[in-house]
Amino acid sequence: MTAAEGGAAPAIMGDPGAAGRFGEFGGRFVPESLVPACMELEAAFRAAWADPAFRDELSSTLASYGGRPTPVTECPRLSAELGVRVLLKREDLAHTGSHKINNVVGQALLARRMGKTRLVAETGAGQHGVATATAAARYGMACVVYMGEVDTARQALNVFRMELLGAEVRPVTSGSRTLKDAVNEALRDWVATVEDTHYCLGSVMGPHPYPWIVRELQRVVGDEAREQCRVLLGGADPDVVVACVGGGSNAAGTFAGFADATTSALVGVEAAGGAAMANGIPGVLHGMRSNLMQDEAGQILEAESISAGLDYPGIGPEHAHLAAVGRARYETATDAEVLDAFQLLSRTEGIIPALESAHALAWVVRAARAGDDMVRPGATVLITLSGRGDKDVAQVRELLA
Amino acid sequence: MTIAAAPDLATTLADHRAHGRKLLVPYVTGGMDDQWLVTVEALAGAGADAIEIGLPFSDPMIDGPTVQAASLAALERGTTPAGVLADLGRISPGVPLVVMTYYNLVIRTGHRRMASSLAASGVTGAIVPDLPLEEVGPWADAADAAGVATVLLVAPSTPDERMAAIVERCRGFVYTVGRMGVTGEQRQLAGTALDVAARVKAATSLPVCVGIGISDADQARQVCEVADGVIVGSALVRRLLEGGGVEAAVDFIGGIRRAIDAG
């Protein structure tokens with residue numbers, strides 16, 4: 001894989017164009033009622049993203065309010081245990097405790113620029129819901145967060161956080177009552193409220209332009225990480241770059257910094273119980289064509305894992321494309337491996353990771369111990385630690401009891 | 001026993017309209033209860049000009065709580081797209097059949113296979129709401145080849161220029177979305193319903209039927225002052241979910257028939 005230099009080769013993670021295509025994936029599969037809104041959003045984002053004033057306001061807000069740049073941390077004790085050099089991109093140190101803030105600040109600024117006064121969002125673990133509620137509070141916007149009823153129980157503290165931040169949390173009782181159903185409800189809300197409402201989608205999924213917008217808003221993770229790695233590694237890039245994948249926003253943002261600019265291997269890690277790349281087949285859900293877990297008739301299956309944030313039966317369309325063209329590889333981690341990794345990082349480095357992020361770590365641990373070609377002894381591995389684990393501590397305590 | 005295939009959607013609706021008849025298209029979720037097929041046959045006798053059959057999907061994004069509940073009930077009964085189509089192939093409703101489903105079920109079955117299955121079951125129209133104009137090509141081509149009309153949606157938010165391109169590709173009738181929102185009942189007709197119906201009427205010679213939010217006979221009558229017809233879904237499905245059975249369905253749809261005939 002060569003870097004796209006000289007402008008001849010099209011970028012691997014480039015502009016998906018008016019049709020929103022990443023190879024054969026992506027697109028805009030929404031009812032006609034929403035098509036004009038998606039087009040308006042695309043035009044608004046293109047204009048904003050090309051506007052230095054918008055970019056400056058976003059950057060300065062992410063610095064002064066969001067806590068950027070987040071550091072890259074060397075992990076000497078974990079590295080010694082695994083025999084590889086582990087670096088962590090510390091999104092757990094960003095405001096609200098995860099990378100989600102990058103996306104919501106960008107989308108809230110965009111919504112304000114479009115004259116929208118209300119945000120709706122879906123959330124699984126609650127991280128994106130908390131982040132959206134945070135941005136809504138910061139910019140004085142109304143906010144409704146749809147959250148599967150099952151998840152409101154698993155993540156009760158995050159429900160309270162959102163309410164503290166002034167948002168209304170609506171438990172979703174349809175379907176499997178988890179993330180995919182929360183997306184359906186948010187889309188249903190948006191169809192009826194599109195005049196004054198922006199749908200602040202939380203991952204690199206949904207109809208065009210969302211997968212592209214969210215990747216661009218998250219690419220700050222990868223762009224920062226690459227520069228930080230070059231400093232730490234004497235101008236070199238990491239051998240392997242690893243991130244967890246539910247919808248796949250932290251992975252897309254991370255990979256965007258490396259896919260075209262480096263030859264680093266890229267690895268996305270899904271929950272074994274929600275592995276759209278390993279077990280899914282191409283289909284259309286939530287406005288996009290991508291890999292989906294589905295039955296023989298085409299009914300969407302429920303994803304089930306230890307982490308609510310990864311319980312999504314699909315994956316962002318650009319990830320399906322990166323796998324199809326061989327630029328990234330997608331692996332899975334089991335709940336048991338994730339629990340081990342969660343404890344290992346806590347014990348060796350004093351960092352409690354989100355269960356989502358622990359999936360990325362869990363694959364690295366397994367690959368290093370198994371002597372995977374990609375993670376040979378002495379290899380340098382960058383892992384995006386997408387969020388902090390405070391929200392998961394009670395759940396893990398119960399699981400380990 | 002010979003089973004007469006259901007008549008063709010496009011020609012039947014055009015013919016009824018030419019005779020000055022307003023078009024009434026009730027919707028039933030396929031497989032929602034053990035009486036659904038009997039209900040479909042009875043609706044034909046109650047004044048329906050065509051019947052829309054939902055092929056239930058796990059994630060019905062444009063549907064409100066009522067049709068969601070019917071879809072869930074159907075799936076819990078083990079309903080599959082192939083099963084619904086096989087059932088439809090066993091009846092002679094005497095009116096055209098049009099299915100409504102979501103694109104993933106089409107993809108999973110295969111475009112050509114789905115189109116030919118529909119045709120073999122006597123279905124001559126298909127509404128796939130998550131296939132807007134830009135994405136509809138592969139399905140519409142397969143449907144055309146099988147003699148199945150691709151019914152497209154126009155919404156209150158659709159700009160005029162886009163509307164012209166949509167009705168150009170649309171077959172059978174134009175599914176005119178009466179309000180910005182998901183399927184479901186409302187006390188009063190949305191103001192958008194008459195506006196969008198008038199805009200679509202001015203843009204096409206195809207029959208213009210308004211759906212989403214048409215809840216009773218009076219609203220249907222109001223809409224038919226501008227549009228060629230109405231699609232009635234949630235208000236009918238609710239009566240079926242509440243256990244009203246065939247009798248309640250026939251009563252309700254018959255009432256709407258009388259109202260739109262009286263004008």
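Labels below follow one simple rule: chain letters A, B, ... track the order of the sequence lines, proteins then strands, and each chain is numbered from 1. Predicted, not measured: the structure shown is a model, and the values here were computed from it.
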Self-check item: When B/A69, B/P132, B/P159 are compared by non-hydrogen pairs under 4.5 Å with chain A, the top option
Solution: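 Option with the greatest count: B/P132.
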Quiz item: What residue, out of B/L133, B/T109, B/D130, has the most heavy-atom pairs lying under 4.5 Å from chain A?
Solution: B/D130
Quiz prompt | Winner by heavy-atom pair count (cut-off under 4.5 Å) against chain B, out of A/P207, A/P282, A/A192 | solution = A/A192
Quiz item: Who among A/A297, A/G283, A/G175, A/A18 has the most heavy-atom pairs with chain B under 4.5 Å?
Solution: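 Most pairs with chain B among the choices: A/A297.
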Contacting moiety of [X], where chain B heavy atoms sit under 4.5 Å:
X      : value
A/P31  : both
A/L301 : neither
A/I300 : both

Self-check item: Aromatic ring pairing A/H286/A/Y312, orientation class (parallel under 30°, perpendicular over 60°, tilted between)
Solution: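 Geometry flag for A/Y312 against A/H286: parallel rings.
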Practice problem: Indicate yes or no: at least one non-hydrogen side-chain atom of A/F29 is less than 4.5 angstrom from one of A/R289. | Solution: yes
Quiz item: Are any side-chain N or O atoms of A/E32 and backbone N or O atoms of B/L152, one a donor and one an acceptor, separated by less than 3.5 Å?
Solution: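 Checked: no pair found.
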Quiz item: Run the salt bridge (charged side-chain N to carboxylate O under 4.0 Å, His left out) check on B/D141 and B/R169 step by step: do they pass?
Solution: CA-CA 10 Å; B/D141 292 347; B/R169 190 65 193 81; 3.5 Å; yes
Self-check item: From CA spacing to verdict: salt bridge (charged side-chain N to carboxylate O under 4.0 Å, His left out), A/R46, A/E216
Solution: CA-CA 11 Å; A/R46 283 188 188 282; A/E216 286 301 291; over 6 Å; no
